[in-house]
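Have a look at the structure below before the remarks.
In what follows, chains are A, B, ... by sequence order, proteins preceding strands, each numbered from 1.
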There are 2 protein chains.
Amino acid sequence: MAIKEAVRPGGRSARVQEAVHHAVRELQITKSREELSVPQIANKAGVTPSTIYRRWGNLAELLADVSLERLRPDDEPPQTGSLAGDLQAWGEQYLDEMTSLPGQCMLSDIMASAERERRERCYRYSETIMACLRERAVKRGEATPSVEDLMDGVIAPMTYRLLYDLDTATPARLSRWIAQTLPSADSPD
Amino acid sequence: MAIKEAVRPGGRSARVQEAVHHAVRELQITKSREELSVPQIANKAGVTPSTIYRRWGNLAELLADVSLERLRPDDEPPQTGSLAGDLQAWGEQYLDEMTSLPGQCMLSDIMASAERERRERCYRYSETIMACLRERAVKRGEATPSVEDLMDGVIAPMTYRLLYDLDTATPARLSRWIAQTLPSADSPD
DNA sequence: CACCTAACGCAAAATATTTGCTTTATGAGC
DNA sequence: GCTCATAAAGCAAATATTTTGCGTTAGGTG
């Protein structure tokens with residue numbers, strides 16, 4: 001019955017982690033990023049600040065940790081019957097989520113983290129989704145690009161624009177990225 | 001003779017700015033990111049901490065500001081005689097710069113800034129370079145993609161991988177992004 | 001040349017962070 | 001179950017950082 005996660009993930013540790021994460025999420029509803037502070041979060045979570053500092057190091061890392069947790073693939077991406085459709089459907093809801101204020105904060109928090117590993121987790125997350133959509137297409141017998149090509153052709157421009165030029169992170173462009181990435185077949189242009 | 005930059009960019013202000021920037025660059029040589037502090041920088045620059053806090057807000061913004069300054073296009077990108085060549089040449093030196101430790105720190109500092117405007121300046125910077133290389137190609141009579149397409153096809157995957165998956169930010173992949181973006185002509189594969 | 005005021009210096013006050021030591025409670029071995 | 005070793009948390013004092021109010025300096029303007 002040994003849980004293999006951290007060194008000692010048992011009851012109290014997990015409880016503290018949950019309390020702190022929960023406190024952050026609660027506070028984020030009312031307070032803006034620069035109104036948040038470690039002592040404040042600690043107080044709300046019912047722990048001492050030193051606990052947070054020792055576990056997370058600083059506010060930035062804590063926020064990144066909380067943000068990353070939201071990035072769990074909770075539900076299966078919607079099915080539309082074609083790879084292009086699946087990409088568009090998933091991408092649109094992702095864009096929608098990430099262009100929102102909380103979404104942008106989430107991205108910021110993750111990017112502000114010094115831990116390279118966190119950003120790599122984002123990469124793996126997107127990769128997993130691309131692999132899933134691609135797998136569906138393969139099963140249907142569609143001709144499909146590699147996951148690599150999907151990452152470069154769709155995820156990269158989408159993410160790039162979410163980070164650097166928000167105005168151009170739109171569903172219309174998404175269609176373009178998808179069309180140019182998939183083996184040309186039915187796009188009239 | 002009026003300089004139109006800030007509200008009052010005259011002598012002293014500019015001197016302080018330069019002193020602080022210089023102090024940061026000096027300290028960055030020996031100290032790692034988490035060893036830097038505002039009071040330390042202030043001391044080295046010969047100003048009081050409150051000056052820095054009032055002008056830049058916090059350490060993260062100051063570092064981002066310093067990093068961004070390095071992003072000025074100091075010299076014309078090398079000419080190779082073809083768009084593919086120009087892109088590869090410029091891209092390789094950019095990759096080289098950005099995969100280095102100082103380059104990665106620079107990217108981190110910029111991404112950690114809360115000011116969206118800073119990231120947009122990065123976007124404009126890359127865009128300017130793409131426009132320049134494209135302009136050359138057009139003058140030579142080459143068939144060229146739009147700047148937009150260069151951004152999506154080359155800059156986006158490059159930047160994406162520099163940020164999220166450093167191992168895959170390589171010249172070899174750069175070739176691939178370029179080949180797939182340019183109107184197919186001479187690539188044997 | 002005199003005046004206005006943005007930007008800086010200074011130092012006290014408020015906050016946040018670190019640290020040494022104590023206490024608690026999980027998980028392993030008996 | 002009970003005991004023990006220790007990871008993780010609490011507590012509080014010591015540091016360090018950040019904010020703030022107010023006096024001073026020095027660009028820029030008339």
Side-chain angles (χ1 to χ4, degrees), chain A residues 1-24 26-28 30-66 69 109 112-115, chain B residues 1-24 26-28 30-66 69 109 112-115:
Chain A
M1 198 186 265
I3 306 160
K4 62 176 69 173
E5 278 200 22
V7 182
R8 184 182 275 191
R12 187 162 66 161
S13 242
R15 226 151 42 228
V16 166
Q17 139 120 8
E18 175 46 31
V20 171
H21 275 216
H22 185 261
V24 170
E26 285 285 290
L27 286 169
Q28 279 179 327
T30 30
K31 310 271 182 179
S32 76
R33 162 65 211 252
E34 64 264 23
E35 290 169 338
L36 291 178
S37 74
V38 171
Q40 181 189 30
I41 293 165
N43 180 56
K44 180 125 188 169
V47 302
T48 54
S50 61
T51 294
I52 293 183
Y53 287 117
R54 283 205 244 252
R55 266 184 80 157
W56 284 277
N58 56 46
L59 180 58
E61 295 304 322
L62 170 57
L63 294 182
D65 193 44
V66 172
E69 203 185 37
D109 290 342
S113 165
E115 302 288 334
Chain B
M1 198 184 269
I3 306 161
K4 62 176 68 171
E5 280 200 22
V7 181
R8 185 182 274 191
R12 188 163 64 161
S13 241
R15 226 153 41 230
V16 166
Q17 140 121 8
E18 174 46 30
V20 171
H21 275 217
H22 185 261
V24 169
E26 285 286 290
L27 286 169
Q28 280 179 327
T30 31
K31 310 270 182 181
S32 76
R33 163 64 212 252
E34 63 265 24
E35 289 168 339
L36 292 178
S37 73
V38 170
Q40 182 189 29
I41 292 165
N43 181 56
K44 181 127 187 167
V47 301
T48 54
S50 62
T51 295
I52 294 182
Y53 286 117
R54 282 202 245 251
R55 264 184 81 158
W56 284 277
N58 57 46
L59 180 58
E61 295 303 322
L62 170 57
L63 294 182
D65 193 44
V66 172
E69 202 185 36
D109 289 343
S113 164
E115 302 288 335

Exercise for the section: Measure from the side-chain N and O atoms of A:E115 to the backbone N and O of A:E61, and report whether any donor-acceptor pair falls under 3.5 Å. Expected result: no
Handout entry: Presence of B:R15 side-chain N/O under 4.0 Å of D:dG27 phosphate oxygens OP1/OP2
Key = yes
Starting from [atom2] on [N], measure out to [atom1] on [X] and report it in whole angstrom.
{"X": "B:W56", "N": "D:dT17", "atom1": "CH2", "atom2": "P", "value": "18 Å"}
{"X": "A:N43", "N": "D:dC11", "atom1": "CG", "atom2": "P", "value": "12 Å"}
{"X": "B:I52", "N": "D:dT19", "atom1": "CD1", "atom2": "C1'", "value": "14 Å"}
{"X": "A:I41", "N": "C:dT15", "atom1": "CD1", "atom2": "C1'", "value": "14 Å"}
{"X": "A:N58", "N": "D:dT17", "atom1": "CG", "atom2": "P", "value": "14 Å"}
{"X": "A:E18", "N": "D:dA9", "atom1": "CD", "atom2": "P", "value": "14 Å"}
{"X": "A:L59", "N": "C:dT15", "atom1": "CG", "atom2": "C1'", "value": "13 Å"}

Practice task
Identify the residue among B:L63, B:I41, B:V20, B:V66 that makes a side-chain contact (heavy atoms from CB on, under 4.5 Å) with B:W56.
Solution key: B:V20
Enumerate the protein-to-nucleotides 8-12 of chain C contacts in which both atoms are nitrogen or oxygen and the separation is below 3.5 Å.
from, atom 1, to, atom 2, distance (Å)
C:dC8, OP1, B:R55, NH1, 2.7
C:dG9, OP2, B:T48, N, 3.2
C:dG9, OP2, B:T48, OG1, 3.3
C:dG9, OP2, B:T51, OG1, 2.5
C:dG9, O6, B:R54, NH2, 3.0
C:dC10, N4, B:S50, OG, 3.0

Problem - Side-chain heavy-atom pair B:Q28, B:D109 within 4.5 angstrom cut-off - result: yes
Exercise for the section: May I ask you to test the B:L62-B:V38 pair for a side-chain heavy-atom distance under 4.5 Å? Expected result: no
Practice task
Determine whether the side chains of B:Q17 and B:R55 contain a donor N or O and an acceptor N or O closer than 3.5 Å.
Solution key: yes
Practice task
Would you please test A:R15 and A:R12 for side chain to side chain contact (heavy atoms under 4.5 Å, CB included) and show each step?
Solution key: CA-CA 5 Å; A:R15 226 151 42 228; A:R12 187 162 66 161; 3.9 Å; yes
